[in-house]
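Please read the structure below before turning to the comments.
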2 protein chains.
Amino acid sequence: MPAEVSSASPPSPPLTERQEARRRRILHASAQLASRGGFDAVQMREVAESSQVALGTLYRYFPSKVHLLVATMQAQLEHMHGTLRKKPPQGATAAERVAETLMRAFRALQREPHLADAMVRALTFADRSVSPEVDQVSRQTTMIILDAMGLEDPTPQQLSAVRVIEHTWHSALITWLSGRASIAQVKIDIETVCRLIDLTAPEEPRRR
Amino acid sequence: MPAEVSSASPPSPPLTERQEARRRRILHASAQLASRGGFDAVQMREVAESSQVALGTLYRYFPSKVHLLVATMQAQLEHMHGTLRKKPPQGATAAERVAETLMRAFRALQREPHLADAMVRALTFADRSVSPEVDQVSRQTTMIILDAMGLEDPTPQQLSAVRVIEHTWHSALITWLSGRASIAQVKIDIETVCRLIDLTAPEEPRRR
DNA sequence: ATCAAGTCTGAAACTTGTTCTAGATTAACG
DNA sequence: CGTTAATCTAGAACAAGTTTCAGACTTGAT
């Protein structure tokens, strides 16, 4: 039995300075093109050109368009998590704080709807080959929600509630992006699902 | 002001016998190919060949691959709704009945995971041009859930809960299809979100 | 400084969704 | 029937994601 250090990713060799720079240029170009015209506007040839990299190189860094966009989302999420940390939500209950946090994220997405489109579509369209990356995004989202709840160690019920909140969050975004739900409707959906948190709160146990 | 019968679709001219037959052949071929290898295996040229129709004709009937797969889903959903009607769920509470119904649907999808993959991926990848069709699928799903709840006229809160259940249902399916969640996990998510129904029940909700 | 291995480039090729065209077939109607 | 408009067919052509390849460039180790 070989002693695996981490079951996640084979420890990819560290990147050189110039490689890091290339990677950043690519992600920047991707986000820029996405902001212009959404998923369809992120064309691999254009990304390559914008970021001064050969097409083959682009594919070496990101093995598919979906990989690229999911990585773009990772970057944006990290940025947002940082922003949220600085200004924690003010609500009195965990449910309120989570709803407030998600609405804040939602407003950020509204400022760049095309970028949101590209990232979310990529995320939900991703197949098994992108699972590790998508999982990473999911973990990051979970962290953001748990942060908002302000919990040290959540109960299994609470984790289930968080999962359902994430499901609702993603799906509600999709309905908004495809024009089938209004901003107000998304707000209602978020607030509705956040009530699940109260249901699972241990401090005030329900009779059972 | 013209009296519109339905604001949905301009009344498309009725199809002839042979056109109906063509449409059925196309949808059948689509479902068959999807069952084999999922979204990627549904190739427009192959669908055209399998259904004995020219490529241009296929595109006249379904203006894109996503349209085709969403229509395929409509057909499957209708079939499932019929099946479910015949054997209504037995649970004591509305939440139990909804969970039971969704799990039954889930088991049906498990029998054809590739087909499920094709349909669900198309559904969530659909852009605005497919909104009417996707909306139709959504309405159909809402009907199934409301049927399971056994309600005459649901309250706005209950409708919100149903929306959130649908979100969770779609997103949970995606995580399962992409191998990021187990069947057991999907079950838990469904049961968790169904608790929202109790939360919104207008009369005395506890007991069984 | 030199060599080997790995990386990057530019360009072409391949795949599959989508569009277009010219001609054949069908349907509706007088 | 014969005409006319709509539909269908076969096939080429186009668009964008992906793969491939030969040669130039970097990097790390000696």
Side-chain angles (χ1 to χ4, degrees), chain A residues 10-27 29-30 33-34 36-72 117-118 121-122 125-130 133, chain B residues 10-26 29-30 33-34 36-72 117-119 121-122 125-130 133:
Chain A
S12 47
L15 301 183
T16 73
E17 198 82 4
R18 307 183 53 189
Q19 287 174 323
E20 279 292 0
R22 269 192 206 100
R23 190 167 198 282
R24 270 195 305 278
R25 286 205 308 277
I26 292 173
L27 286 175
S30 166
L33 287 171
R36 288 241 177 293
F39 188 89
D40 293 332
V42 181
Q43 301 196 353
M44 298 304 267
R45 289 179 234 275
E46 281 206 48
V47 173
E49 196 179 349
S50 290
S51 50
Q52 310 263 50
V53 135
L55 191 54
T57 306
L58 172 53
Y59 273 94
R60 170 183 278 272
Y61 280 71
F62 301 98
S64 78
K65 173 169 171 171
V66 168
H67 280 86
L68 170 59
L69 285 172
V70 170
T72 304
D117 171 79
R121 297 263 294 286
F125 192 59
D127 66 3
R128 295 179 118 83
S129 72
V130 205
E133 289 80 0
Chain B
S12 47
L15 301 183
T16 73
E17 197 81 6
R18 308 183 54 190
Q19 285 175 322
E20 278 292 1
R22 269 192 206 100
R23 189 165 198 284
R24 270 195 306 276
R25 286 205 309 275
I26 293 172
S30 166
L33 287 171
R36 288 240 177 292
F39 188 89
D40 293 332
V42 180
Q43 302 195 355
M44 297 305 267
R45 287 174 235 270
E46 282 206 47
V47 173
E49 196 178 347
S50 289
S51 50
Q52 310 262 50
V53 136
L55 191 54
T57 306
L58 171 53
Y59 273 94
R60 170 183 278 270
Y61 280 71
F62 301 97
S64 78
K65 174 169 171 170
V66 169
H67 280 85
L68 170 58
L69 284 172
V70 170
T72 303
D117 172 80
M119 296 189 306
R121 297 263 293 286
F125 191 59
D127 67 2
R128 296 181 119 82
S129 72
V130 205
E133 288 80 0

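Bear in mind the structure is a predicted one, so any value in this text is a computation, not a measurement. A, B, ... follow the sequence lines: proteins, then strands. Residue 1 opens every chain.
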Next on the checklist: Looking at B/Glu49, I'd like to know if its CD atom is crowded, meaning that more than 12 non-hydrogen atoms belonging to other residues, nucleotides or ligands lie closer than 6.0 Å.
Outcome noted: no
Checklist outcome for this item: Heavy-atom nearest nucleotide on DNA chain C taken for A/Val53 and for B/Pro63; more 5' hit belongs to A/Val53
Checklist entry - Heavy atoms under 4.0 Å, any strand shown: does A/Tyr61 hit a base, just sugar-phosphate, or nothing? => result sugar-phosphate
Checklist entry - Any sub-3.5 Å donor-acceptor pair from A/Ser30's side-chain atoms to A/Ile26's backbone N or O? => result no
Checklist outcome for this item: When rounded to whole Å, the CZ to P distance for the pair A/Arg60 and D/dT20 reads 13 Å
Item to check | Rounded distance (Å) that lies between atom P of C/dG17 and atom CZ of B/Phe125 | outcome: 12 Å
Next on the checklist: Please encode protein proximity along nucleotides 20-30 of chain C as a string of B, S and -, counting only heavy-atom distances under 4.0 Å.
Outcome noted: ------SS---
Next on the checklist: So, taking the atom named CG in A/Asp40 and the one named CG in A/Asp117, what distance separates them when rounded to the nearest 0.5 Å?
Outcome noted: 7.5 Å
Checklist entry - Between A/Met44 and A/Leu58, does a side chain to side chain contact (heavy atoms under 4.5 Å, CB included) hold up when you go through it step by step? => result CA-CA 8 Å; A/Met44 298 304 267; A/Leu58 172 53; 3.9 Å; yes
Next on the checklist: Strictly distance-based, threshold 3.5 Å: is any side-chain N or O of B/His67 a donor or acceptor partner for the main-chain N or O of B/Ser129?
Outcome noted: yes
Checklist entry - How many Å lie between CD on B/Glu46 and P on C/dT16, as a whole number? => result 9 Å
Next on the checklist: Rounded to whole Å, please give me the gap between CG in B/Leu33 and P in C/dT16.
Outcome noted: 13 Å
Checklist entry - What are the two closest non-hydrogen atoms of B/Val66 and B/Ala122, and how far apart are they? => result CG1-O, 3.6 Å
Item to check | B/Lys65 to B/Phe125, cation-pi by 6.0 Å centre distance and 45° axis angle | outcome: no
Item to check | Gap between atoms CG and P, on B/Leu69 and C/dT18 respectively (whole Å) | outcome: 10 Å
Item to check | Derivation of the side chain to side chain contact (heavy atoms under 4.5 Å, CB included) call for B/Asp127 and A/Arg121 | outcome: CA-CA 9 Å; B/Asp127 67 2; A/Arg121 297 263 294 286; 4.0 Å; yes
Checklist entry - For the pair made of CD in A/Gln19 and C1' in D/dG28, what is the distance, rounded to whole Å? => result 13 Å
Checklist entry - In whole angstroms, how far is the C1' atom of C/dT18 from the NE2 atom of B/His67? => result 13 Å
Would you tabulate the pairs of protein nitrogen or oxygen atoms and nucleotide nitrogen or oxygen atoms of nucleotides 15-17 of chain D closer than 3.5 angstrom?
| unit_1 | atom_1 | unit_2 | atom_2 | d |
| --- | --- | --- | --- | --- |
| D/dA16 | OP1 | A/Gln43 | NE2 | 3.1 |
| D/dA16 | N7 | A/Arg45 | NH2 | 3.3 |
| D/dG17 | OP1 | A/Val42 | O | 3.3 |
| D/dG17 | OP1 | A/Lys65 | NZ | 2.8 |
| D/dG17 | OP2 | A/Met44 | N | 3.0 |
| D/dG17 | N7 | A/Arg45 | NH2 | 2.7 |
| D/dG17 | O6 | A/Arg45 | NH2 | 2.8 |

Item to check | Candidates A/Arg25, A/Arg23, A/Arg24 - the one meeting side chain to side chain contact (heavy atoms under 4.5 Å, CB included) with A/Leu27 | outcome: A/Arg23
Next on the checklist: Rounding to an integer number of Å, can you tell me how far A/Leu58 CG sits from D/dT19 C1'?
Outcome noted: 13 Å
